[in-house]
Every structure is written in C-alpha cells, then in structure tokens.
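Down below is the structure, laid out as structure tokens.
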Amino acid sequence: MPELPEVETVKRGLAPVLEGRRIVQAEALRPDLRFPLPNRLGQRLTGRVVSHVKRRAKFLLIGLDDGATLISHLGMSGRFRIFKKAPPALEKHDHVIFRTDQGAEVRYNDPRRFGFMDIADAGALINHPMLNSIGPEPLSDNFDAKVLAQALKDRQAPIKTALLDQSVIAGLGNIYVSEVLFRAGISPKRKAASVIGLRASKLYNAIVDVLNQAISAGGSSISDHRQPSGELGYFQHSFGVYGREGEACPGCNCNISKTGGVRRIQQSGRSTFYCTKQQR
DNA sequence: CGGCAAACCTGCGAGC
DNA sequence: TGCTCGCAGGTTTGCC
C-alpha cells in the first residue's frame with residue numbers, strides 16, 4: 001500500500017491518538033514480520049509515553065520518552081487502524097497491538113508481512129541501517145531541482161529506476177513515479193543522467209505537486225490502503241496513467257488504436273505506465 | 001559500485 | 001465451483 005503520501009496519511013492519523021499518550025499495553029502477536037520483531041517488543045513499549053510521531057521516507061518514527069524510537073515500515077500491505085473505544089475482535093493478520101492510557105487501541109495489520117518494525121535506542125536512529133542511506137525528503141526545504149539533478153547525474157539507469165531508488169530521493173514508489181513522470185512529460189526510459197535543466201525543474205515541480213495533492217486526498221486506496229480512521233484515500237481517482245493501460249492518455253487524448261494511449265511496460269521487474277506521445 | 005532477477009508472503013481477479 | 005496464473009503500493013540479497 002504505502003508510498004510517501006500514504007505513510008504521511010498514516011502518520012497524521014496516528015499522531016493525535018499517540019502523541020503525549022502513555023502506552024499502557026503493547027503486544028506482538030507473532031515473532032516476526034519480514035524480519036524478526038525486536039525482542040520483548042511489548043515490554044519495551046509498555047509504560048512509555050510517545051513524544052512524537054514522524055515520517056522519514058516511507059518509515060514511521062514513533063519517538064518514546066526514554067529517547068528510543070520505534071521504527072515502522074508498512075511494506076506492501078501494512079496498515080494501522082485506530083479504535084478509540086470498544087475494539088472489535090482481532091482480525092486475520094493483526095500482528096501488533098498498542099493500547100493507550102485514553103483507552104484507544106492501535107493495531108498493525110499486514111497480510112503479506114513485508115513490513116517491519118525495529119527499535120532504535122536513544123542516539124542510534126541516525127545510524128540505523130534502514131535509514132542511514134536514504135536520500136532527501138522531496139517536500140523539505142533543502143530539496144530543489146538542483147539537488148534532484150545532482151542526485152541523478154551519474155546514473156545510467158532509466159529515470160524510472162533511479163526515482164524508485166530511495167537513496168536518490170525518499171518516499172517515491174511505483175505508483176507515484178509513473179504519475180510524476182507523466183506530469184513532467186518525461187519518458188520513464190530516459191537515462192536518469194540526461195534529466196537536467198528545464199526537464200529537471202519540471203520533474204521537481206511534478207514531484208512536489210503530485211505528492212502534495214496525494215497527501216491532501218488521504219493517499220491512494222487501490223486495495224489495501226486505509227487511513228487509520230478506516231476512511232479510504234481518494235487520490236487514485238486522479239491517476240493520469242497508473243493502472244490505465246489501454247485507455248486514452250488524459251494529457252494529449254491520443255487514442256488507443258495503434259500508436260497512442262497509455263502503455264504498460266516492465267522496468268526492473270515492475271510495471272511502468274506512460275504515454276509514448278507525451279513523455280519524451 | 002551499478003544494475004538486474006529473485007526472494008520474501010498472502011490475496012484477488014481473470015481465464016479456463 | 002475450483003484450479004492455475006499473473007499481478008500487487010517495497011526492500012534486501014545475491015549474482016554478474
């Protein structure tokens with residue numbers, strides 16, 4: 001489910017329920033997700049007060065009053081749900097549960113278990129192996145077209161592949177890369193290093209616009225993503241190309257017959273959607 | 001180091 | 001109805 005906008009949506013849902021609250025009970029219902037869960041996860045969290053909930057790339061960072069940080073990644077199918085009162089019976093694939101001193105219950109559910117959680121002790125967050133090589137946050141002040149072009153300049157791989165690389169830019173995934181390249185008018189096959197000058201600034205603008213719009217929409221709900229409240233995101237209705245193979249391109253309206261329309265190709269094992277006429 | 005395929009795991013829809 | 005196949009929002013690992 002989750003790319004930057006979805007994780008940001010989850011963060012915004014969790015923050016008001018967790019920040020400043022004491023975790024009165026925490027429990028892991030199985031020993032592992034993608035990797036083993038931290039030893040005694042429940043005991044380490046129980047009694048702690050949550051100081052903040054943040055996001056870095058696609059990671060949720062839940063800060064605790066002892067200086068440690070719970071790091072959570074949702075993988076492909078991870079979900080947090082909040083029940084402010086009277087939580088229903090456990091569902092299939094509920095793996096981790098927290099209860100707060102206000103009686104709210106937060107559950108992590110993840111059918112595919114590609115997600116993971118870890119705890120970084122005070123001071124160890126910056127050097128955490130999952131976080132220490134992540135590139136700039138696209139919505140931060142220190143990211144702009146120049147930084148972007150610089151990050152791309154030695155890459156021979158297609159721009160699609162480079163933008164998926166979290167060390168180049170943080171938080172983009174398969175959906176938003178297709179959408180961003182479509183809006184920027186850049187072919188996904190173009191060599192990353194050739195995205196310079198005007199193209200780089202168009203790409204930068206497309207990244208910022210698409211991410212901000214998707215966050216405003218509560219993310220994209222294709223099959224799994226829910227806001228922690230249970231509500232669906234609705235940015236999927238604004239997709240230009242993702243999942244629209246064979247449809248007329250909404251940008252140039254070229255039709256499907258022979259040359260036009262939205263195409264789907266495979267790039268490093270993953271689907272890319274684009275318009276051959278409009279993206280160069 | 002760069003780049004790609006495979007691996008991790010479950011669920012769903014399409015097609016037979 | 002039921003089986004098989006292909007596909008899915010991510011990341012790591014191992015192999016050129």
Side-chain angles (χ1 to χ4, degrees), chain A residues 1-11 29-37 55-60 71-80 91-95 108-118 128-135 151-182 188-194 210-211 214-215 217-228 232-246 264-273:
Chain A
M1 118 188 166
E3 303 181 32
L4 187 153
E6 289 74 36
V7 180
E8 180 66 24
T9 299
V10 172
K11 186 213 99 174
L29 303 179
R30 56 173 299 130
D32 57 354
L33 298 172
R34 165 118 195 235
F35 306 116
L37 288 163
R55 177 192 60 74
R56 169 76 171 114
K58 300 170 190 170
F59 293 86
L60 287 166
I71 303 168
S72 170
H73 193 292
L74 305 176
M76 292 278 260
S77 57
R79 247 161 77 168
F80 276 99
E91 291 174 37
K92 199 172 183 184
H93 307 305
D94 281 343
H95 302 314
Y108 179 73
N109 180 290
D110 188 354
R112 295 178 72 178
R113 302 201 304 278
F114 284 0
F116 47 86
M117 285 187 197
D118 198 5
H128 192 281
M130 305 299 271
L131 297 170
N132 65 4
S133 62
I134 289 179
L152 297 172
K153 87 173 172 41
D154 293 325
R155 303 263 167 177
Q156 302 306 304
I159 185 68
K160 156 75 189 291
T161 309
L163 293 177
L164 277 180
D165 186 335
Q166 299 297 294
S167 70
V168 170
I169 177 172
L172 294 182
N174 208 39
I175 290 179
Y176 292 102
V177 167
S178 275
E179 290 302 309
V180 153
L181 289 172
F182 170 67
K189 298 183 193 174
R190 171 177 282 276
K191 192 202 291 184
S194 76
V210 167
L211 292 178
I215 290 168
S220 302
S221 292
I222 294 180
S223 60
D224 288 328
H225 170 64
R226 296 283 176 121
Q227 305 185 43
L232 296 169
Y234 54 88
F235 190 72
Q236 66 278 12
H237 303 302
S238 302
F239 288 171
V241 289
Y242 187 84
R244 300 195 183 285
E245 180 183 19
R264 177 166 72 131
I265 58 172
Q266 292 283 124
Q267 288 180 291
S268 42
R270 313 197 63 192
S271 289
T272 301
F273 298 86

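Just so it is clear, the values below take in all heavy atoms, side chains as well, and ignore hydrogens, waters and symmetry mates. Throughout, a chain's letter reflects where its sequence line sits, starting with A, and its residues are numbered from 1.
Taking only side-chain atoms of A:Ser271, from C-beta outward, the nucleotide of C:dC7, B:dG3, C:dT11 with the closest atom is C:dC7. The side chain of A:Ser220 approaches C:dG9 more closely than any other nucleotide in the set C:dG9, C:dT11, C:dG10. Side-chain atoms of A:Ile175 lie closest to C:dG9 of the nucleotides B:dC4, C:dG9, C:dT11. For A:Ile222, taking side-chain heavy atoms from C-beta onward, the closest of the listed nucleotides C:dT11, C:dG9, B:dC4 is C:dG9. Counting only heavy atoms from C-beta on, A:Arg270 has its side chain closest to C:dG9 among C:dG9, B:dC8, B:dT10. The side chain of A:Phe35 approaches C:dT12 more closely than any other nucleotide in the set C:dT12, C:dA8, B:dG3. For A:Lys92, counting side-chain heavy atoms from C-beta on, the closest listed nucleotide (B:dG3, C:dA8, B:dG11) is B:dG11.
Note: CG (A:Asp165) to C1' (C:dT11) measures 11 Å, nearest angstrom. Rounded to whole Å, atom P of C:dC7 lies 20 Å from atom CZ of A:Arg244. Here the C1' atom of nucleotide C:dG6 and the CD atom of A:Gln266 are 10 Å apart, to the nearest Å. Rounded to an integer number of Å, the gap from CZ of A:Arg30 to P of B:dC8 is 15 Å. Distance A:Phe59 CZ to C:dG10 C1': 10 Å, rounded to the nearest Å. The distance from atom CD of A:Gln267 to atom P of B:dG2 is 18 Å, rounded to the nearest whole Å. A:Met130 has its CE atom 8 Å from the P atom of C:dT13, to the nearest Å. The distance between atom CZ of A:Arg34 and atom C1' of C:dT13, rounded to the nearest whole Å, is 8 Å.
Distances shown here put a side-chain N or O of A:His93 below 4.0 Å from the OP1 or OP2 atom of B:dG11. For the OP1/OP2 pair of C:dG9 and a distance below 4.0 Å, the side-chain nitrogens and oxygens of A:Lys58 include no atom meeting the criterion. At the phosphate of B:dT10, OP1 or OP2 sits under 4.0 Å from a side-chain N or O atom of A:Arg113. In terms of phosphate contacts, A:His73 brings no side-chain nitrogen or oxygen within less than 4.0 Å of OP1 or OP2 of C:dG10.
Nucleotides B:dA6 and C:dG6 have their P atoms positioned 13 Å apart, rounded to a whole Å.
Mapped onto DNA chain B by nearest heavy atom, A:Ala157 and A:Arg112 fall at different nucleotides, with A:Ala157 at the one closer to the 5' end.
With A:Asp154 contributing its side chain and A:Ala193 its backbone, the two residues share no donor-acceptor pair below 3.5 Å. Not a single donor-acceptor pair under 3.5 Å links the side chain of A:Lys160 to the backbone N or O of A:Ala192. Judged by distance alone, the side chain of A:Ser178 and the main-chain N or O of A:Tyr242 form no donor-acceptor pair under 3.5 Å. Between the A:Arg56 side chain and the A:Ile134 main chain, a donor and an acceptor come within less than 3.5 Å of each other.
You'll find the side chain of A:Tyr176 reaches within 4.5 Å of the side chain of A:Glu6, heavy atoms only.
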Stepwise, does the side-chain hydrogen bond (donor to acceptor under 3.5 Å, both in side chains) test hold for A:Gln266 with A:Thr272? CA-CA 6 Å; A:Gln266 292 283 124; A:Thr272 301; over 6 Å; no

DNA chain B in dot-bracket form (Watson-Crick or G-U pairs under 3.5 Å, [ ] crossing, | inter-strand) is .|||||||.|||||||

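Ring orientation note: the planes of A:Tyr108 and A:Phe80 are tilted relative to one another, at an angle of 30° to 60°. In this structure, A:Phe35 and A:Phe116 have tilted ring planes: the angle between them lies in the 30° to 60° band.
For A:Phe114 and C:dT11, the ring-to-base geometry does not satisfy the stacking test (centroid distance below 5.5 Å, interplanar angle below 30°).
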